[in-house]
Amino acid sequence: MATFKAVVFQTGRHIKLDGTSNIKIRIYHNRESQYISTAYYIRPENMDESGRILSGVTNGEMIEYEINAYIQKIRREYLKLGQDRTQFMSCMDLKEEIEKSLAPDAEFIDFVEFAQNIVIQTKKKKTAEWYSSSIDTLCWYTKRKKIDIKLITSFLLNKMIKDLYQSGPAGIPLEPGTISHYLRGLRALYNKAKLYYNNEDFDIIRIPGDPFKKAEIPEYRRKRKNIDINTLLRIRDFQSDKRRTNMARDVFMMMFYMMGVNINDLYSISCERRGRLEYTRSKTNTDKNHEQVPLSVKIEPELRTLLDKYTEGYFLSYFHTNYCSLNNFMRAINSGLKDICLNLEIDFKVTTNWARHTWASLARNKAGVPKADIDFCLGHVNNDYKMADIYIDIDYSICDKANRAVLDLLQKKEEKKDNAQKAKKGKEQGIEYFQDPKNYVNRE
């Protein structure tokens, strides 16, 4: 049986500047002790070893009454858990379950408040934004700022999905991918709530069921975001009278020359070492991912020209001088790419991550690079080769060969285009052009 007693610490950090110390409830269970704080403070010398407040203390009787009532609440929650459960709990487990039961409105679990706390605790900005936009969509749809988690049912979710096809928060119908994005965010938050409030080891289930199992969440299908060589060359060679548009063109090509580096990784690289750019993908920097692979990109001549163009004093100084944050930088690049697409009459929206898709597609389909090598170049963690990766040293020459093969595709395409133009021009001038660009024969 657990025991509960009011105690007050008498030394060290527990003593406030006014000489008082917090009255705590000590839980003694399975030869361990844990403490629950109360709202009351007292001078340590005014409480005896049995937990009684000495006579003469201002409001002493009232404080003692409130403390005893609080102990009875704790004991009640302990008894409700039952001996069959508590006998196998650690003292820490018991304390946590009692605190959850004592929380205000313990039966009412505010999903919105819980989700907002998760957003605050989430380190990765993109993930936090995903959670935030998902819970905001749910609040917008239900027209509530507080949502009892028990009200989230499969009926509500399916009705929400159906209605979002008609109109979203901005007043326009949402695409299946966007709806999937929001619903998957809500599902992740819901599962985190179950993990926090439920204790399946002791059959304590505060959130029963799983409404997302019966929710018809649209299947997320990643859109193809690759462009052909001709379009890529048109973007590379585009000239604008707008400085930002030209910068967007150069950044897009830099990302392509770096084997599809993400823009946030490009923005965070601070220097080059021995003719190489080294970084670790920020997307894989999570608490659960311990298999981060450092990437190293050889600076090819095409990339060198662009790096030097935007470096003065320190590496890529132009970007950091003109854009104080990644979001501002990304918006500027995507805005510039939009301008390029309008001028070149490209009928689809090209954004920064198209460089990554394009490099991978050309590497596989045109340069014949094996898929496993493409995964390595892109910095993907391949679960099939985790054990092999422990034994195999990293050889970046594989990346160098693959990247050079892709960049050579552009050169060959450009040479072929130049040869065709020369042949056309020569034909107009009465000169036939044969396979070697230097071989012209005058037929006149």
Side-chain angles (χ1 to χ4, degrees), residues 1-16 18-114 117-118 121 146-151 192-209:
M1 289 288 291
T3 60
F4 309 92
K5 178 183 176 182
V7 298
V8 61
F9 292 107
Q10 302 184 14
T11 59
R13 59 185 176 84
H14 300 285
I15 306 299
K16 296 176 63 180
D18 61 2
T20 61
S21 181
N22 183 247
I23 299 176
K24 301 181 186 297
I25 309 302
R26 184 184 68 192
I27 304 174
Y28 185 75
H29 175 67
N30 283 343
R31 299 182 180 180
E32 295 178 329
S33 295
Q34 289 290 329
Y35 300 88
I36 297 178
S37 299
T38 71
Y40 300 97
Y41 289 82
I42 194 174
R43 288 184 174 274
E45 62 268 20
N46 289 333
M47 177 179 282
D48 62 23
E49 293 183 358
S50 65
R52 294 182 60 86
I53 297 176
L54 302 180
S55 59
V57 176
T58 305
N59 296 327
E61 291 184 5
M62 178 58 71
I63 294 174
E64 187 170 327
Y65 174 82
E66 295 288 347
I67 292 295
N68 288 333
Y70 192 49
I71 290 176
Q72 291 307 312
K73 288 182 180 180
I74 293 174
R75 183 175 285 113
R76 180 192 64 193
E77 298 303 326
Y78 165 70
L79 294 174
K80 283 169 63 177
L81 288 170
Q83 181 69 16
D84 290 341
R85 289 178 181 150
T86 58
Q87 64 178 324
F88 298 111
M89 286 185 179
S90 68
C91 195
M92 175 64 77
D93 289 334
L94 179 59
K95 174 196 171 185
E96 290 178 354
E97 293 303 329
I98 289 175
E99 285 184 323
K100 289 175 184 177
S101 300
L102 289 173
D105 300 323
E107 297 300 320
F108 177 88
I109 299 174
D110 186 357
F111 183 56
V112 177
E113 182 181 5
F114 175 83
N117 288 331
I118 293 295
Q121 297 168 18
K146 286 189 174 185
I147 301 174
D148 187 350
I149 200 166
K150 295 182 181 64
L151 296 179
K192 287 181 180 293
K194 291 183 68 173
L195 188 64
Y196 177 79
Y197 285 103
N198 293 349
N199 193 332
E200 296 179 357
D201 288 342
F202 304 107
D203 197 29
I204 299 172
I205 308 298
R206 295 185 176 88
I207 306 176

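Summarising the geometry, atom CE belonging to Met62 is positioned 11.5 Å from atom CD1 belonging to Ile53; distances are rounded to the nearest 0.5 Å. A distance of 8.0 Å separates CD in Gln10 from CD in Glu45, rounded to the nearest 0.5 Å.
The environment of Lys73 atom NZ is sparse: at most 12 non-hydrogen atoms of other residues, nucleotides or ligands sit within 6.0 angstrom. Residue Phe202 qualifies as enclosed at atom CZ: its count of foreign heavy atoms under 6.0 Å is above 12. Within 6.0 Å of CZ in Phe9 there are more than 12 heavy atoms belonging to other residues, nucleotides or ligands. Under a cut-off of 6.0 angstrom, the local environment of CD in Gln83 is crowded, with over 12 non-hydrogen atoms contributed by other residues, nucleotides or ligands.
Ring-plane geometry between Phe114 and Tyr196 is classed as tilted, the angle between the planes lying from 30 to 60 degrees on a 0 to 90 degree scale.
Applying the side-chain hydrogen bond (donor to acceptor under 3.5 Å, both in side chains) test to residues at least two apart or on different chains, the pairs with a partner in residues 27-43 are Lys24-Ser37. Residue pairs meeting the salt bridge (charged side-chain N to carboxylate O under 4.0 Å, His left out) criterion with at least one partner in residues 59-71, sequence neighbours excluded, are Arg52-Glu64.
At least one side-chain heavy atom of Leu81 sits less than 4.5 Å from a side-chain heavy atom of Leu94.
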Given the rule in the side chain to side chain contact (heavy atoms under 4.5 Å, CB included) test, do Ile74 and Leu102 qualify, once you have shown the distances and angles that lead to the verdict?
CA-CA 8 Å; Ile74 293 174; Leu102 289 173; 3.7 Å; yes
Quick one: do Ile149 and Asp110 satisfy side chain to side chain contact (heavy atoms under 4.5 Å, CB included)? Show the steps, please.
CA-CA 6 Å; Ile149 200 166; Asp110 186 357; over 6 Å; no
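A donor and an acceptor atom, one from each side chain of Ser101 and Arg206, are located under 3.5 Å apart.
Closest approach of Tyr78 and Met1 over heavy atoms only: OH-CA, 3.4 Å.
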